Each structure stands twice: as structure tokens, then as C-alpha cells.
K.L.:
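Got a structure for you, written out below as C-alpha cells; questions coming shortly.
Everything quoted here is computed from the prediction, not taken from an experiment.
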Amino acid sequence: MTDYMVWLIPALLIIAGLVVVAGRLLWRLRGQTQVERGALQQAQQESAAEQAEAQNGIDILARCYLAGQLAASEFALRVAVLAETAALDSKYMKDTAIFTEMAAALAHIPIHQAWKDLTPDQRATYGTEMALLEGKYSDQLRAATAALLK
């Protein structure tokens with residue numbers, strides 16, 4: 001056996017060991033990539049379903065508003081929440097911007113139990129403020145509602 005054969009066999013064993021380690025790492029990376037790809041697809045499907053559900057909810061609210069079954073203040077608040085909750089596309093977000101603006105103007109008014117806890121005078125004061133805001137945004141709300149239902 002020559003001198004280089006003494007070094008060649010251990011070198012080949014080291015290379016073979018490195019190839020095995022590299023192969024195992026690549027196999028694990030491939031599996032991890034597949035898991036991440038599956039999770040991403042699931043997240044995209046859930047986002048699309050959430051978006052469709054939000055748009056459906058907004059459509060129902062819009063029809064109720066146009067039929068006079070829902071006050072403009074409540075309509076604006078509900079649409080603003082649905083629009084923010086779901087990742088709606090940019091065109092749809094443009095159509096819902098007025099609702100977000102009106103909801104921001106109404107944000108300081110108590111809701112649910114806090115509303116019930118108000119005195120009649122406080123409710124009247126807030127009611128007047130809501131009526132003024134509804135009047136101010138009325139035309140814009142109707143135009144935005146019509147755009148949403150197209």
C-alpha cells in the first residue's frame with residue numbers, strides 16, 4: 001500500500017460521512033419547506049374565506065340600510081369593523097373608507113352596556129350628535145353603499 005492510499009481511505013470515509021449528513025439536512029429542509037408551503041396555502045384559503053364572509057356581511061348590511069332597517073350610525077360602525085377585520089382588496093377598501101371615517105367620528109359614543117348605563121339626557125345628547133353625523137355623511141354613505149352593491 002502506498003502512502004497516498006493511507007490518506008485516501010480516511011478522506012473518502014470523511015467525504016462519505018459529509019455526504020450522508022448533507023443528504024439528511026436536505027431531506028429535513030425539504031420536509032420543512034413542504035410544511036411551510038401547506039401552512040401558507042391554508043392561511044391564504046382562510047384569508048380568502050374571511051374576506052368573502054366579510055363582503056357577504058357588508059352586502060347584507062348594505063341592503064338592510066337601504067331598506068331602512070338599519071340606522072346609518074350602526075351601519076357605518078358594523079361595516080368599518082368588517083372592513084378592518086378582513087383583508088379586503090384595495091378597491092373594496094376604497095369603497096368602505098367613508099364608513100371607517102364615520103366610525104372614527106362615532107368612536108367616543110358609548111355602546112352596549114355603557115349606552116344603557118347613560119342617563120336619558122346623555123343618550124339624547126349623543127343621539128343628537130349621531131343624527132348630525134348621519135346627516136353629514138348621508139349622501140356619501142348612500143353613494144358608497146351603491147358602489148358596494150355593484
K.L.:
Can you get from L82 to I60 by hopping between Ile, Leu, Val, Met, Phe, Trp and Tyr side chains that sit under 4.5 Å apart?
P.N.:
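No, it is not one cluster - the side chains of L82 and I60 are not joined through contacts under 4.5 Å.
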K.L.:
Please check if V79 and V81 belong to a single hydrophobic cluster, counting links between Ile, Leu, Val, Met, Phe, Trp and Tyr side chain heavy atoms closer than 4.5 Å.
P.N.:
no
K.L.:
Have D59 and Q55 got a donor and an acceptor in their side chains that come within less than 3.5 Å?
P.N.:
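The answer is no; no qualifying pair exists.
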K.L.:
Check the pair T125, Q122 against side chain to side chain donor-acceptor pair (under 3.5 Å), reporting the backbone distance first and the verdict last.
P.N.:
CA-CA 5 Å; T125 301; Q122 290 171 319; over 6 Å; no
K.L.:
I'd like to know if L118 and I111 are part of one continuous hydrophobic network [Ile/Leu/Val/Met/Phe/Trp/Tyr, side-chain heavy atoms within less than 4.5 Å].
P.N.:
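No, I111 and L118 fall in different hydrophobic clusters.
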K.L.:
Can you tell me how far CG of D117 sits from CZ of R123, rounded to the nearest 0.5 angstrom?
P.N.:
8.5 Å
K.L.:
Distance from T33 atom OG1 to L29 atom CG, nearest 0.5 Å?
P.N.:
4.0 Å
K.L.:
Does NZ or CZ of R30 come closer than 6.0 Å to the centre of the six-membered ring of W27, within 45° of the ring's axis?
P.N.:
yes
K.L.:
Ignoring hydrogens and geometry beyond distance, is a side-chain donor-acceptor pair present between Q45 and Q41 at under 3.5 Å?
P.N.:
no
K.L.:
Work out which heavy atom in A103 is nearest to a heavy atom in A80; give both atom names and the distance.
P.N.:
CB-CB, 3.6 Å
K.L.:
Is there a side-chain contact (heavy atoms from CB on, under 4.5 Å) between L77 and F99? Walk through the geometry before answering.
P.N.:
CA-CA 7 Å; L77 289 169; F99 301 104; over 6 Å; no
K.L.:
Report, one line per pair, each donor and acceptor closer than 3.5 Å where one atom sits in a side chain of residues 129-150; sequence neighbours left out.
P.N.:
from : atom 1 : to   : atom 2 : distance (Å)
E129 : OE1    : H108 : NE2    : 3.2
E129 : OE2    : H108 : NE2    : 2.6
E134 : OE2    : S73  : N      : 3.1
E134 : OE2    : S73  : OG     : 2.6
Y137 : OH     : E101 : OE2    : 3.2
T145 : OG1    : L141 : O      : 2.6

K.L.:
Is it the case that E50 and S47 place a side-chain donor and acceptor less than 3.5 Å from each other?
P.N.:
no
K.L.:
To the nearest 0.5 Å, what is the distance between CZ on F75 and CD1 on I58?
P.N.:
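The CD1 atom of I58 is 8.5 Å from CZ of F75, to the nearest 0.5 Å.
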K.L.:
Quick check: is L13 connected to W7 through a chain of hydrophobic side chains (ILVMFWY, heavy atoms under 4.5 Å apart)?
P.N.:
no
